[in-house]
Amino acid sequence: MSKDKLIPDLRFPEFKNEGEWVIEELGVLSEIVRGGSPRPIEDYFTTDENGLNWLKIADVPSDAKYITQTKEKVKKEALSSTREVNSGDLILSNSMSFGRPYILNITTCIHDGWIAIRKISNKTFEDYLYYFISSESSQTYFQTNAAGAAVKNLNAEIIKLLPIYLPKNKKEQQKIASCLSSLDEVIAAHSQKLDLLKDHKKGLMQNLFPSAGEKVPKYRFKEFENDGEWVSYLLKDLTKINQGLQIPISERFTEKVENSFFYITNEFLKSNSERRYYIKDPSKNVICNEDDVLMTRTGNTGQVVTGVSGAFHNNFFKIQFDRNILNKDFLVFFLRLPDTQRIILSYAGTSTIPDLNHSDFYRILMKIPSSKEQQKIASCLSSLDALITAQTERIEQLKLHKKGLMQGLFPKLDD
């Protein structure tokens, strides 16, 4: 342990002279108990409104702070084989994605994948514990001490020994918790705005393109209301597709070399640009630029990719088209429509690895309006995409700010 004093880097002015914090084990500050599961659990589920709440890990949003409801209930007879916990208790999962705390706002039964923290000492309170257990210090402790190789898990004894850093003045704990709670409320408000933007875009896309069997959309911009029906085409009449190239691992380079091109693979898409390969001298028909449209044909079939340049793997189609007839962004939004995606996936088949072939892609039906109306629709949805991107970035910045704030508000020890 460091010889440095247990004092945070950031401290509210009114507590500057309060001195060092103290360390208490979580098991001393509270009672740590594991949930329990009656078996077979299917025999205990009930739709009776007087049944007991039953909380599953899959039912809890990963970014939630409070648990306010459950999706299922169990019969009262289950009580002898499970654990009932109450509002104000904390719970955290003990396996897989473990160690993330939640505060209960309801009474519920928990299965043996949950650990409950209850009967909290008057030295602290649930909001402060929630944030400290969420902190980097606590999460590092869990990762370091979790048992298991392939699947790590926590047990009650490990959790009991978690060191909790406490200001001696409980008012300082309250100030820290209130500060972080206020920031969480801001993040939640921005997240709600993001969800509304996404819902708005989803509704717009459904209304700006004709439904199956219709020849005009439900909503049309005023200047195009008298333009008549959209024209139907098969994609074979509007597009031409090139399939990419499969390059052996031995011919891929992790660093860019002379006359080489970035190699676009499914790995690149999954890893968010973390893994990059380059290949030398590919043929021209497997090279794309940032203005081209790619679509995955196998695996995660139907994923539309733009804004990337290089040589593309044979898991991709490059979609070529006459830009005087078809607006690029309009085409991209059409391919991303839920109805279009359903058709693509149905053509790709239900085998272990779905695979869309040229002929099936070409028989997809597309309805298009005039070039000006295509541009208007594309511009409207692109503007909404820009708002969604900006809002997503704003939330990420707030989360980074919160992370930095938590690192400063809680003391750090070397070990």
Looking only at heavy atoms, what is the nearest atom pair of R83 and R34, with distance? NE-O, 3.0 Å

Non-hydrogen side-chain atoms of M295 and I319 separated by less than 4.5 Å: yes

We want to know whether T70 and K56 form a side-chain donor-acceptor pair, criterion being a heavy-atom distance below 3.5 angstrom. no

Distance alone, cut at 3.5 Å: any donor-acceptor contact between the side chains of S178 and Q174? yes

Could you tell me whether F330 and F209 have their ring centroids closer than 6.0 angstrom? yes

Does a side chain donor of either R394 or Q397 reach within less than 3.5 Å of an acceptor in the other side chain? no

Are side-chain heavy atoms of C288 and L294 found at a separation under 4.5 Å? yes

Short N-O contact, K202 and D195, less than 4.0 angstrom: no

State, yes or no, whether a side-chain contact exists between L162 and E25 at a heavy-atom distance under 4.5 Å. no

Between F132 and the options W21, Y165, F125, Y141, the ring pair (Phe, Tyr, Trp, His ring centres under 6.0 Å) test singles out Y165

Does a side-chain heavy-atom distance below 4.5 Å link H358 with I241? yes

Would you say S370's side chain and E373's backbone share a donor-acceptor pair under 3.5 angstrom? yes

Kindly say whether N86 contributes a backbone atom to a donor-acceptor pair with the side chain of T107 at under 3.5 angstrom? no

Does some side-chain heavy atom of K175 sit less than 4.5 Å from a side-chain heavy atom of F15? yes

Short side-chain to backbone donor-acceptor contact, Y263 and I247, under 3.5 Å: yes

Can you name the nearest heavy-atom pair linking T298 to N266, along with the distance? O-ND2, 3.7 Å

Electrostatic pair D385:K198 at N-O distance under 4.0 angstrom: no

